[in-house]
Amino acid sequence: MSVEADRNGKTLSEQSVLGGHAPRTQRTGESLPFDDRLHLDAHRWLVDEAYLLDAQDYDAWMARIAEDVHYLMPVRVTTALGAGYSTSPGMAHLDENKYSLSRRVARFATEHAWTEDPPSRLRHYVTNVRTFRTDKQDEIIVDSAVLLFRSRGDVREAATVSAGREDLLRRTGTGWALARRTIMVDESVIRMQNLAIFL
Amino acid sequence: MTDQTSVIQDVQRGMIPAHIYNDKDIFELEKERLFGRSWLFVAHESEVPEAGDYVVRRVLEDSFIISRDEKGEIRALFNMCLHRGMQVCRAEMGNASHFRCPYHGWSYRNDGRIVGLPFHQEAYGGEEGFKKKGQTLLPAPSLGVYNGLIFISLDPDAEPLEDFLGEFKFYMDYYTKQSADGIELRGPQRWRVKANWKIGAENFAGDMYHTPQTHTSVVEIGLFREPKAEKRKDGTTYWAGSGGGTTYKLPEGTLEERLRYVGYPDDMIERMKEQWSQEQLDVVGKDGFMVSAASVFPNMSFVHNWPRVEEDSDEVLPFISIRQWQPISEDETEIVSWFAVDKNASEEFKALSYKAYLMCFGSGGMFEQDDVENWVSLTSTAGGPMARRLLLNSRMGMLENGQNVVEPLSAEEYSGPGSTRVGYSEYNQRELLLRWADHLERPMEKAAQLRVGTDPIQPPPAAGADPSRAAGSTAIAAAQITSQEA
Ligand code: FES
Ligand SMILES: [Fe+2]
């Protein structure tokens, strides 16, 4: 996936405006065999996460997010082949740390977040999962593709978002935690009324 | 097209036929008579800082390349090859000295002039068959720049941009001229919503009334301290020239204390004091009002807010955003939303202000999420036959006999231009829709046509040749394309 390095040889997390605090761990070597224990753990983690996000169980989701998380969704732009970049410099849809994620989640817990009352019906389809070791014992990189189907109301046209993700997962005392996520959305113009969802 | 006379008359009385928010015939009329001649915001000079930089922006179906040519001048070029009409630039942004058409290989300099026409001699017999010399991509009929904001109009006889903006320039400076060098723009984020474009423009122009209800949740989570019902109605709505907006009432204090209250650091305050006129400073320091949302007719908006963005800190951080409500159809709008920040602000301020923007507005913003939900719902309801029976009352602030509920502030009470009132009202929404009705009422002149390769062509207009003017104001006359009525 193209999140590894952009035009300056820097990752998108490194280039982002608010990613200064982000862990910098990178993948090493080939993807792991699908029967590797680490890959099985990673795959299970992502599928469990998809169920939590579908159910909008955001407290449980936040419990799986590391304190130093960087959650980044760049804005994609169409550029000429060879331009060396495909994201809008200095701009993102989401460029979050744990506090700003916690505000988003807290908002859904109020009785006045009208955009999700009535709630959307969500389905996160997660596929193309592959796992890499890093030079840290307790950290792995996981690539995946995600397709979100979102339906609101009875007859409104449903919206979808397709994206690739690169995650950094860290082993903690209570299981794996998300320490960094870069979401490469596949559209330049988002066809969804807002991003009151997580990918 | 059906006759819209009664719709226009209703709107002029402040009664809004609900179906105007989802009506195909009305939309066709808007495309022709409103977007066909209004000044429309397309980009900011800071998006194309270097020679060869370009961004591609749309005005409804028309695509324009906004480029900075080798001499540093800003160009707005219709993105259609003069040969068979292919898009010559298919990227959204980049840097190029030339654009080469992928179809047959004609190429154009970044000022629009044609340079390469393969087999000109063999295929056309040279200049005698096709006058290549002086041909350029079709420039936008009118181009104007204020504070680095680039506007185009499809009307070659559009009044100068600054005349059009008029007294609204006074308010635009708060958003785009906080120091001599003005703003830099980042983004845009773009996303599509199933809502009519007018709703957002009206909301940003003057809807203080929705804030306490729609945006309750952002106060509850500690993001924003202001939109409590009691506070919002102490602010004002103002209309001046071609735009209008809302303000918040600031607590007692000096100019400096009040600017600090919304989170500006002292170095920025010093630059504002150098930059703004006494009247602009007095609106804040003497009268105690701070600009919030605003719209310029027809579809450009601004927002300025000051949320709390960091844990364990009560400090607020101001941010500015500029946006365009780009109509796609009668029931769909592409929101194009930029983050703007003063060029001379510190890097630390810029980063935190950007964070404030992301948390509040734009594709992921928490204010925005609830707004759009309302507008989508309104639009879908407006599409059916029952909506045609409803004339929505958009007369808030006026009694039945036309008397004001609240009189405008006097010159002693308020230092800014235009008409300004404290409290909730729909004066600004009416101002927007009155202009909308005026445009829809007025038939269009037939547009000039250009015969490619046979008509003589004059060079297209440009703006901002001198980089020192980049953040200043320039208004450029219409393109003088010699043409014949076809
Ligand atoms: S259409 Fe552009 S060169 Fe033919
Ligand atoms: Fe709002």
Side-chain angles (χ1 to χ4, degrees), chain A residues 16-18 20 73-86 88-118 120 152-153 155-157 159 161 185 187-198, chain B residues 55-56 89-96 184-195 213-223 307-312 334-339 347 350-352 354-355 357-359 362-366 368-377 380:
Chain A
S16 72
V17 179
L18 301 173
M73 180 172 173
V75 170
R76 303 299 299 278
V77 286
T78 313
T79 53
L81 189 66
Y85 64 102
S86 70
S88 177
M91 177 53 77
H93 293 291
L94 297 165
D95 193 344
E96 310 293 301
N97 60 13
K98 184 134 191 193
Y99 178 68
S100 61
L101 284 177
S102 80
R103 292 305 82 201
R104 293 176 184 279
V105 164
R107 200 180 84 80
F108 292 129
T110 72
E111 283 168 18
H112 306 105
W114 315 114
T115 190
E116 281 301 322
D117 182 10
S120 300
R152 296 194 49 67
V155 292
R156 275 203 224 168
E157 232 172 274
V161 188
V185 60
E187 283 168 309
S188 160
V189 180
I190 306 282
R191 309 296 177 110
M192 191 174 266
Q193 71 179 33
N194 57 36
L195 294 173
I197 44 90
F198 297 100
Chain B
V55 292
V56 173
C89 180
R90 290 165 302 144
E92 291 171 56
M93 62 186 296
N95 182 287
E184 58 189 42
L185 224 57
R186 285 199 232 137
Q189 300 164 324
R190 297 165 62 195
W191 72 106
R192 291 195 176 182
V193 304
K194 294 294 272 180
Q213 164 68 16
T214 298
H215 301 302
T216 312
S217 68
V218 296
V219 181
E220 290 173 336
I221 62 168
L223 181 63
R308 243 180 48 189
V309 298
E310 288 189 296
E311 203 168 8
D312 315 320
E334 183 173 313
I335 307 180
V336 186
S337 176
W338 291 263
F339 164 69
E347 287 309 313
K350 288 180 184 178
L352 287 172
Y354 167 73
K355 183 174 185 178
Y357 164 71
L358 289 185
M359 288 175 78
S363 44
M366 287 185 261
E368 187 100 37
Q369 294 177 1
D370 292 324
D371 282 325
V372 172
E373 177 70 13
N374 292 335
W375 304 342
V376 169
S377 162
S380 83

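Numbered from 1 within each chain, the chains take letters A, B, ... in sequence-line order. This structure is a prediction, so every number in the text was calculated from the model and none was measured.
Heavy-atom distances place no part of B:V336 under 4.5 Å from chain A, backbone and side chain included. For A:S188, the parts lying near chain B are the backbone and the side chain together; criterion is any non-hydrogen pair under 4.5 Å. Residue B:L223: no heavy atom, backbone or side chain, is found under 4.5 Å from chain A. Of the two parts of B:E368, neither the backbone nor the side chain holds a non-hydrogen atom closer than 4.5 Å to a non-hydrogen atom of chain A. Proximity to chain A is absent for every atom of B:E347, based on heavy atoms less than 4.5 angstrom apart. Using a 4.5 Å cut-off between heavy atoms, A:M73 does not touch chain B at all. Proximity to chain B (any heavy atom under 4.5 Å) is shown, for A:V189, by both the backbone and the side chain. Heavy-atom distances place both the backbone and the side chain of A:A92 under 4.5 Å from chain B.
When only modelled atom types and interatomic distance are considered, B:S377 and B:E373 share no side-chain donor-acceptor pair under 3.5 Å. Donor-acceptor pairing under 3.5 Å is recorded for the side chains of A:S100 and A:N97.
Looking only at heavy-atom pairs under 4.5 Å with chain A, the residue among B:M93, B:E310, B:E92 that has the most is B:E92. In terms of heavy-atom pairs under 4.5 angstrom with chain B, the leader among A:T115, A:I197, A:L195, A:N194 is A:T115. In terms of heavy-atom pairs under 4.5 Å with chain A, the best-connected choice from B:S337, B:A195, B:G364 is B:G364. Residue with the most contacts toward chain A among B:P188, B:A96, B:G187: B:G187 (heavy-atom pairs, distance under 4.5 Å). Ranked by heavy-atom pairs under 4.5 Å with chain B, the list A:E96, A:R156, A:E116 is led by A:R156. Between chain B and the options A:D95, A:L94, A:L81, heavy-atom pairs under 4.5 Å are most frequent for A:D95. For the set A:L18, A:V75, A:T79, the entry with the most heavy-atom pairs within less than 4.5 Å of chain B is A:L18. When each of A:G90, A:A80, A:G20 is scored by its heavy-atom pairs under 4.5 Å with chain B, the top score falls to A:G90. When each of B:T216, B:V309, B:D370, B:V56 is checked for heavy-atom pairs under 4.5 Å with chain A, B:D370 comes out on top.
Taken to the nearest 0.5 Å, the CD atom of B:Q369 stands 8.5 Å off from the OG atom of B:S217. The CH2 atom of B:W338 sits 11.0 Å away from the OG atom of A:S88 when rounded to the nearest 0.5 Å.
At distances below 3.5 Å, at least one donor-acceptor pair connects side-chain atoms of B:W191 with backbone N or O atoms of A:Q193. At least one donor-acceptor pair under 3.5 Å links the side chain of A:R103 to the backbone N or O of B:I221. Panel note: side chain B:E311, backbone A:Y99; no donor-acceptor pair is recorded below 3.5 Å. Checked by atom type and distance alone, the side chain of A:R76 pairs as donor or acceptor with a backbone atom of A:V185 at under 3.5 Å.
Contact detail for A:F108 and A:A196: the closest heavy-atom pair is CZ-O, 3.4 Å.
Among residues two or more places apart in sequence or in another chain, the side chain to side chain donor-acceptor pair (under 3.5 Å) test is passed with B:D371 by B:H210, B:H215.
Under the 4.5 Å side-chain criterion, counting only non-hydrogen atoms from C-beta, A:R152 is not in contact with B:V376.
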